[in-house]
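Structure record follows, encoded as structure tokens.
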Amino acid sequence: MLIQIKRSTLVASLALALVVVGPVTPVQAKAPVAQMPQVKYDYNMDIFHPVIAHNGMVATEQHLASAIGLDILKKGGNAVDAAVGIGFALAVALPNAGNLGGGGFMMVHDKDSGQTIALDFREMAPAKASRDMYLDEQGNVAGGRSLYTHLAVGVPGTVAGMEHALKKWGSMPLEQVIQPAIDLAENGYIVSNALAENLAATKESLGKWDTTKAIFFKEGEPLKAGDLLAQKDLAASMRLIAKEGAAAFYQGAIADQIVEEMAKHDGLITKEDLANYKVVEREPVKGTYRGYEVVSMPPPSSGGIHVIQILNMLEGQNLNEMGHNSAKAVTLMTESMKRAYADRSEYLGDPDFTKVPQKGLTSKGYANSLVAGMPLDKVTPAREILPGKPQPYESDQTTHYSVVDKNGNAVAVTYTLNLNFGSGIVAGNSGILLNNEMDDFSAKPGVPNAFGLIGGDANAVGPGKRPLSSMTPTLVLKDGKPWLVTGSPGGARIITTVLQTIVNSIDFGMNPAEAASAPRFHHQWLPDELRIEKGFSPDTLVLLKEKGYEIALKPAMGRTQTIQVRDNVLYGYSDPRNPDGVTIGY
Ligand code: DON
């Protein structure tokens, strides 16, 4: 068994195998612009090395969940069985992001049919939600209402999504894939440094609710590293789900708990809302980039459309020749990002409610027209139609995981409670944390949400509507087969993180470890700042400043979980930005 060893991870029972890969041809420096040939890898040049396996691999943000996923694969489960087992396990082991009370997206590549399906289990606004529900009497956005109150909670989709995926593409019964998560919740596990830090940072919103404190606090303080976290109520809820299926959550005893919790605190979610929740299978958004096919999440995510839009804008340029993270390459990518995020604010929303010009946004012609009007020797100031504000939150509390099985099926899942531990509210005695996804709607045109994102009509609150997301679980296919399976948390930064993972892999021939470890940058049009991680050359920063960029050196962005398949060998890596993430394979 092959495992990625991280500082915080002590999985003594897992053996580490070293795989030595012989020398191969160096990266080709010059290539025709649009159709760059598949880059050859030279492991002798690499500083960071991925985990390598041949039969199956999982990459998640929590080593206990990775171990559960791998075990399912080894017992003969397919990638979807493992993904569903991981989905439940992360609700226990990564309570700040993994969830039953949130929602998300799953990309499933079925080897036999060659099809990729985009499963949408995003939260839906309750029937009583209304356009101006987050505004005060003066028409201003009432601070915190869409984040830390019962009004912040969208109707959760995760349990329905997991059940749907398992029934449709899995091979194991729900009782079997959920059992390891039940055991973990019942017996508990030791709180890691990362989880303790998250709990401490969220003390205020968690500490408001007795139901939440009963689980995550000890003697009035959040649990600390080294404490045992057992979640007996959550185990009981999952036992109900194992027995009755998703109906337990949407119609049965868990639904009662959620509705009671809402009624007590002026929340909107009713039993009808829960009973009416719908998972939707959607056609993925597709594009091509230098001979690869990019298959990603369509609306209500903005991610797939804008990753493809930006890749289209880059395709006519030789990034490889410009050099990785050179001022020239960063400028080209940043100016492209700005144009895509400006479009996001205008056009993107729930496709069941608003017409999204998906074809137009992802067409090569449109990208070419944007590039044609894009001077690269100087910076175009972000247009000032709508005011931008610095992002007030630095939460990184969504999670992504990737799975590939021995038959070549691949699954990419990004799901979330939105911010750290979501609304911070545990519903009654269910042990289930509820999301604050309603903040992803545009509370008022032009007023930024927690991620500084601006929107308008297309993403206004509406009953039954799904808030616009940036989550971008993505597959890159080569000759119709998965070549890269990736995704990330990071709110607005998810799109640019996934973009850079693809560019690092295709244009710069990086392996998943190198691609994840490279410093990242981000621009989202408004606020008009170029956000940079540490690790960039000071010389490059000077060049970028001289071009006119407002540079903001800010904390690390994104935490990718990537698996690459080359010549039937699996190469995977969990982003080093999260010390608890682990990739393992066999
Ligand atoms: O769906 C979205 O785009 C956001 N709710 C994701 C939030 C997120 O990634 C939080 N972590 N940074």
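Counting convention: from 1, in listed order, for ligands and their atoms alike. Residue numbers start at 1 and run along the sequence shown.
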Next on the checklist: Using a 4.0 Å cut-off to any heavy atom of Phe451, which atoms of ligand 1 qualify?
Outcome noted: 7 (C), 8 (C), 10 (C), 12 (N)
Checklist entry - Taking non-hydrogen atoms only, is Glu437 closer than 4.0 angstrom to ligand 1 via side chain, backbone, both or neither? => result side chain
Checklist entry - Against heavy atoms of Ser470, which atoms of ligand 1 measure under 4.0 Å? => result 1 (O), 2 (C), 3 (O)
Item to check | Ion pair Asp352/Lys278, N-O distance below 4.0 Å | outcome: no
Next on the checklist: For atom 5 (N) of ligand 1, which of the options Ile495, Thr497, Leu417, Asp440 provides the nearest non-hydrogen atom?
Outcome noted: Asp440
Item to check | Element-labelled atoms of ligand 1 that are located less than 4.0 Å from some non-hydrogen atom of Ile494 | outcome: 9 (O)
Item to check | Which of the ligand 1 atoms, numbered from 1, are nearer than 4.0 Å to a heavy atom of Arg122 | outcome: 1 (O)
Next on the checklist: Looking at Glu204 and Lys208, is any side-chain nitrogen of the basic one under 4.0 Å from a carboxylate oxygen of the acidic one?
Outcome noted: no
Item to check | Met471 neighbourhood, listing ligand 1 atoms whose heavy-atom distance to it stays under 4.0 Å | outcome: 1 (O), 3 (O)
Next on the checklist: Suppose I only count heavy atoms of Gln397 and a 4.0 Å limit; which atoms of ligand 1 are within that range?
Outcome noted: 10 (C), 11 (N), 12 (N)
Item to check | Residues, nucleotides or ligands: over 12 heavy atoms within 6.0 Å of Glu293 CD | outcome: yes
Checklist entry - Can you check whether Asp439's main-chain N or O pairs, donor with acceptor, with Asn418's side chain at less than 3.5 Å? => result no
Checklist outcome for this item: Under 4.0 Å from one or more heavy atoms of Thr398, ligand 1 contributes atoms 6 (C), 7 (C), 8 (C), 9 (O), 10 (C), 11 (N)
Next on the checklist: Please confirm whether the ring centroid of Phe421 lies under 6.0 Å from the ring centroid of Phe216.
Outcome noted: yes
Checklist outcome for this item: Short version for Asn418: what comes under 4.0 Å of ligand 1, heavy atoms counted, is both
Checklist entry - Between Arg577 and Asp575, is there a salt bridge with N-O shorter than 4.0 Å? => result yes
Checklist entry - How about Tyr347: does its OH atom have over 12 heavy atoms from other parts shown lying under 6.0 Å from it? => result no
